Number of protein chains: 2
Amino acid sequence: MSCIKEEMFSKACKYAINAMIYVASLPEGMQRAGLKEISKAIDSPEAFTAKILQQLVRVELLSSAKGPHGGFAIQGDPNTITIAQVVAAIDGDMIFTGCALGLKKCSEDHPCPVHHKFKAIREHLTGMLLTSNLKEIAEGVNDGKSFLKY
Amino acid sequence: MSCIKEEMFSKACKYAINAMIYVASLPEGMQRAGLKEISKAIDSPEAFTAKILQQLVRVELLSSAKGPHGGFAIQGDPNTITIAQVVAAIDGDMIFTGCALGLKKCSEDHPCPVHHKFKAIREHLTGMLLTSNLKEIAEGVNDGKSFLKY
DNA sequence: TTAAATAAAGACAAAAATATCCTTTAATAT
DNA sequence: ATATTAAAGGATATTTTTGTCTTTATTTAA
Ligand code: FES
Ligand code: FES
């Protein structure tokens, strides 16, 4: 026993978010990146990343193409795809709806001891994720203001 | 592949918080609870809970006594022990200091794409945990306003 | 002094998350 | 057509987290 972790999102989810941002940051016209390119850009394990990209394709956040010049592209409008959607696709919605202390159901009627305090945080987080769209975030990366690795 | 989880804290951490609140909620005078009583009160697996209580004893958030009428008690003043201390003891401080997207270090100089947005959430969360003391939270439980299980 | 109660400690087991590897399928270019 | 490229899918491996079991040590009470 001895844990030195527990962060907000799973690794799978972090890779997913980073991958989506990377693909969204690709220059117009040439916006299709292969697995190798993506996992290199976000410094993630290639094979594991492949599984995550597959999931994102299944939920139609990404489109994919096989063969030479194949790869992954954002499916839909980067302006309207939110980080919340990516998180929900990979980690599910427990982070948006679950009880902080593990009660089966988070509710006002049968609240856990930190429900009221925690609810505010959760709403803050949810609001942030829902209003963060890929386009805007990818611009920060393109402008050199933020980074996808290290 | 197919995850339907990822919550804010690890299970170990949730059990720890609940256990601390339960022990803090014990009536004056008779404030020493055994493992069985605690894990029943918070609906947690007994043996696993034992390990967590051991950790809490090691970091001196709890004191323990063996033998008949032994058990666990809060060590120190419940008014000044915060949920943040319990979380840090079990989950470490990644939740307070780590990068949301997995960069090795969260910093202003080399921010990840969601750093600025996420920082606000993290400060909100940190502030909440730092200002939530055991005494106050345990009172809610004693008043029947909040619940430790189901 | 002995028996009972209870926490501590260590070994082990099961489940979940993370990660890798190999084969198959589809697309492209020659 | 064929060879090459790249994603999809499936099986497997590793690591971490969660959980259990057994033994030991300590305290209390009879
Ligand atoms: S009941 Fe625990 S967070 Fe709502
Ligand atoms: S660098 Fe990612 S949260 Fe600060």
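Owing to the predicted nature of the structure, the values given are computational and were not obtained by experimental measurement. Here is the naming used below: chain letters follow the sequence lines, and residue numbers restart at 1 for every chain.
- Side-chain contact between B/K105 and B/H110 is absent, with no heavy-atom pair separated by less than 4.5 Å.
- Both A/E46 and A/G67 sit near DNA chain C, but only A/E46 has its closest nucleotide nearer the 5' end.
- In this structure, A/S64 does not reach the D/dA6 phosphate: none of its side-chain N or O atoms is under 4.0 Å from OP1 or OP2.
- With distances taken from any side-chain atom of A/H69 to the nucleotides C/dA29, D/dT28, D/dT18, the minimum falls on C/dA29.
- Heavy-atom nearest nucleotides on DNA chain C were determined for B/K66 and for A/C13, and the one closer to the 5' end corresponds to B/K66.
- Across the protein-nucleic acid pair, A/E60 atom CD and D/dA8 atom C1' stand 16 Å apart, rounded to whole Å.
- Protein atom CZ of A/F72 is 12 Å distant from nucleotide atom P of D/dA6, rounded to whole Å.
- In this structure, A/L26 and A/R32 have side chains that are not in contact, with every pair of non-hydrogen atoms separated by 4.5 Å or more.
- Contact check on A/E46 versus A/K40 returns no salt bridge, with no Lys/Arg side-chain nitrogen under 4.0 Å from an Asp/Glu carboxylate oxygen.
- The distance between atom CZ of A/R32 and atom P of D/dA7, rounded to the nearest whole Å, is 10 Å.
- At a cut-off of 3.5 angstrom, the base of C/dG10 holds at least one donor-acceptor pair with the side chain of B/K51.
- Contact annotation: A/K11 reaches the phosphate of C/dA19 (side-chain N/O to OP1 or OP2, under 4.0 Å).
- Note: CG (B/L62) to C1' (C/dA8) measures 14 Å, nearest angstrom.
- For the pair B/Y15 and D/dG19, the criterion of a side-chain N or O lying under 4.0 Å from OP1 or OP2 is met.
- The side chain of B/P68 approaches D/dT27 more closely than any other nucleotide in the set C/dC21, D/dT27, D/dG9.
- Classification of the A/H124-B/H124 ring pair by plane angle, with boundaries at 30° and 60°, yields tilted.
- In this structure, the NZ atom of A/K14 is 15 Å from the P atom of C/dA17, given to the nearest Å.
- B/Q54 has its CD atom 16 Å from the P atom of D/dC21, to the nearest Å.
- The side chain of B/R58 sits closest to C/dA9 out of D/dA8, C/dA7, C/dA9.
- A salt bridge between B/K117 and A/E136 is present, with a side-chain N of the basic residue lying under 4.0 Å from a carboxylate O of the acidic one.
- When rounded to the nearest whole Å, the span between CD1 of B/I42 and P of D/dG19 equals 11 Å.
- The side chain of A/A47 sits closest to C/dT20 out of D/dA8, C/dT20, D/dG19.
- Here A/L53 lies out of heavy-atom contact (under 4.0 Å) with every strand.
- Nucleic acid contact class of B/A50 (heavy atoms, under 4.0 Å, all strands): none.
- The CD atom of B/Q55 sits 11 Å away from the P atom of D/dT18 (whole-angstrom rounding).
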